[in-house]
Amino acid sequence: MKQTSSQLFQQARKVIPGGVNSPVRAFGSVGLEPLYIRRGRGSKIYDVEGREYIDYVCSWGPLILGHAHPRLVAALAEAAALGTSFGATTPIEPVFAELITSVYPSIQMVRMVNSGTEATMSAVRLARGFTGRAKLIKFEGCYHGHGDSFLIKAGSGVLTLGIPGSPGVTEGTARDTLVARFNDLESVKALLRASRGEVAALIVEPVMGNVGVIPPAEGFLAGLRELCSEEKVVLIFDEVITGFRVALGGAQELYGVRPDLTCLGKIIGGGLPVGAFGGRREIMEMLAPLGPVYQAGTLSGNPLALAMGYETVRILREEAVYDRLESLSAMLEEGFRQSFRKLSRSCRINRVGSMLSLFFTDREVGDFASAMSCDQGAFRDYFRRMLEQGIYLAPSAFEAVFVSAAHDEADIRRTVTAAESAARR
Ligand code: KE4
């Protein structure tokens, strides 16, 4: 007899903290038990009880081509048949690295790792090693993975040092992280003035994707570029979500701003564990074994993961995926807008390409504070009503909706119909 999601969750909770291997999967903020997913194909996922959902989580971004894409499954099988890992260099590593550097002009050299967190942690250590400075500027509400330097809350005043955002993060670590406000260049200038000559790097999600989607204001990214160049601060774009998502060349292509280092993940693994960081040659050459900044990983550059990432990027380049993603995503955005307008519900939609989010508020959402002011209870009710109709949104008001190339117009129409019903109180 097949187990239900609830039975599996009860079993999991006994041996896995919170029953999950990553907190957001626990469905805590929507007050439900998690669904256990057995399989996916194209734009659909199927839970262990056989229910079908149109999937807008897409594994939190990686599955831009949808689930079980035939060419990806074939690439994985072919690679696996040759062996899964050797702890040695394999032919696909230089090939994949060249592919990434050909798509990202700012990336002259790249190092593969196994997650977005590893990519961002390594990029910050590299920037510190390159500049000989200690401090890091990040933005309130930007998430860069669970590295200690990033789990920091903003201090009370804009010039105060960071404070630990999680038990286990030390005061010493927190002191080296300064927190600015997204879309507020003055807050960055104030931190740079107060810590002149001490800041190694500034890391930013060029489009915020972890408090919902918040696009950069006109001139914001260019302003960061100018300030970092003036102060010789390493500008790091965390494109773990936006890389290959908002454009083939990521946000740096879309907005025309060149960072010094870029962090990638998610899509470049095609659903397998991969991260990467890369950038200016003079910085990257500081990395071991060439340079003194240590960084390593048993499974970094794993041949299976790179086979999936390589095939994913090849398909993205071959097919007019981004035109299709744009038209489907625009159709979805307009459908959501119409559904709320018909019922005069206050809901703001922010969208950049095929990532978007719904904010239950009547205010513009352009920074962390305005995102936090949204009605999370309204989102929770909306999420549940959409799920009941077979629409799988992210189980958090502060995550993005992702459209994949496997979605079609029928999926969008079905989603909009469900939205019209779910928007009713
Ligand atoms: P991972 O270590 O989870 O592969 O990547 C960390 C990371 C870094 N940078 C950005 C901009 C990210 O969004 C992430 C991870 N994203 C979350 C959800 N938005 C992953 C989901 C989860 O934590 O389970």
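Counting convention: from 1, in listed order, for ligands and their atoms alike.
Remark: the E282 side chain and the Q108 side chain contain no N/O donor-acceptor pair separated by less than 3.5 Å. Side-chain contact of D47 with Y36: a donor-acceptor pair under 3.5 Å is absent, judged by distance alone.
Within a 6.0 Å sphere centred on CZ of R41, other residues, nucleotides and ligands contribute 12 heavy atoms or fewer.
Atom CG of residue D260 and atom CZ of residue R280 lie 4.5 Å apart, to the nearest 0.5 angstrom. The distance from atom CG of L99 to atom OH of Y104, rounded to the nearest 0.5 Å, is 10.0 Å.
When heavy-atom distances to ligand 1 are checked against 4.0 Å, the residues falling inside are S22, V24, W60, S115, G116, T117, Y143, H144, G145, E205, N210, D238, V240, I241, K266, E399, ordered by chain and number.
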Under 3.5 Å, side-chain donor or acceptor atoms of residues 234-258 against the rest of the protein: list the pairs with distances, not counting sequence neighbours.
residue	atom	partner	partner atom	Å
D238	OD1	V240	N	3.0
D238	OD2	H144	ND1	2.7
E239	OE1	T242	OG1	2.7
E239	OE1	A251	N	2.6
E239	OE2	A251	N	3.4
E239	OE2	Q252	N	3.1
E239	OE2	Q252	NE2	2.9
R245	NH1	S354	OG	2.9
R245	NH1	V403	O	2.8
R245	NH2	G61	O	2.8
Q252	OE1	S106	OG	2.5
Q252	NE2	T262	OG1	3.0
E253	OE1	G249	N	3.0
R258	NH2	P105	O	3.0

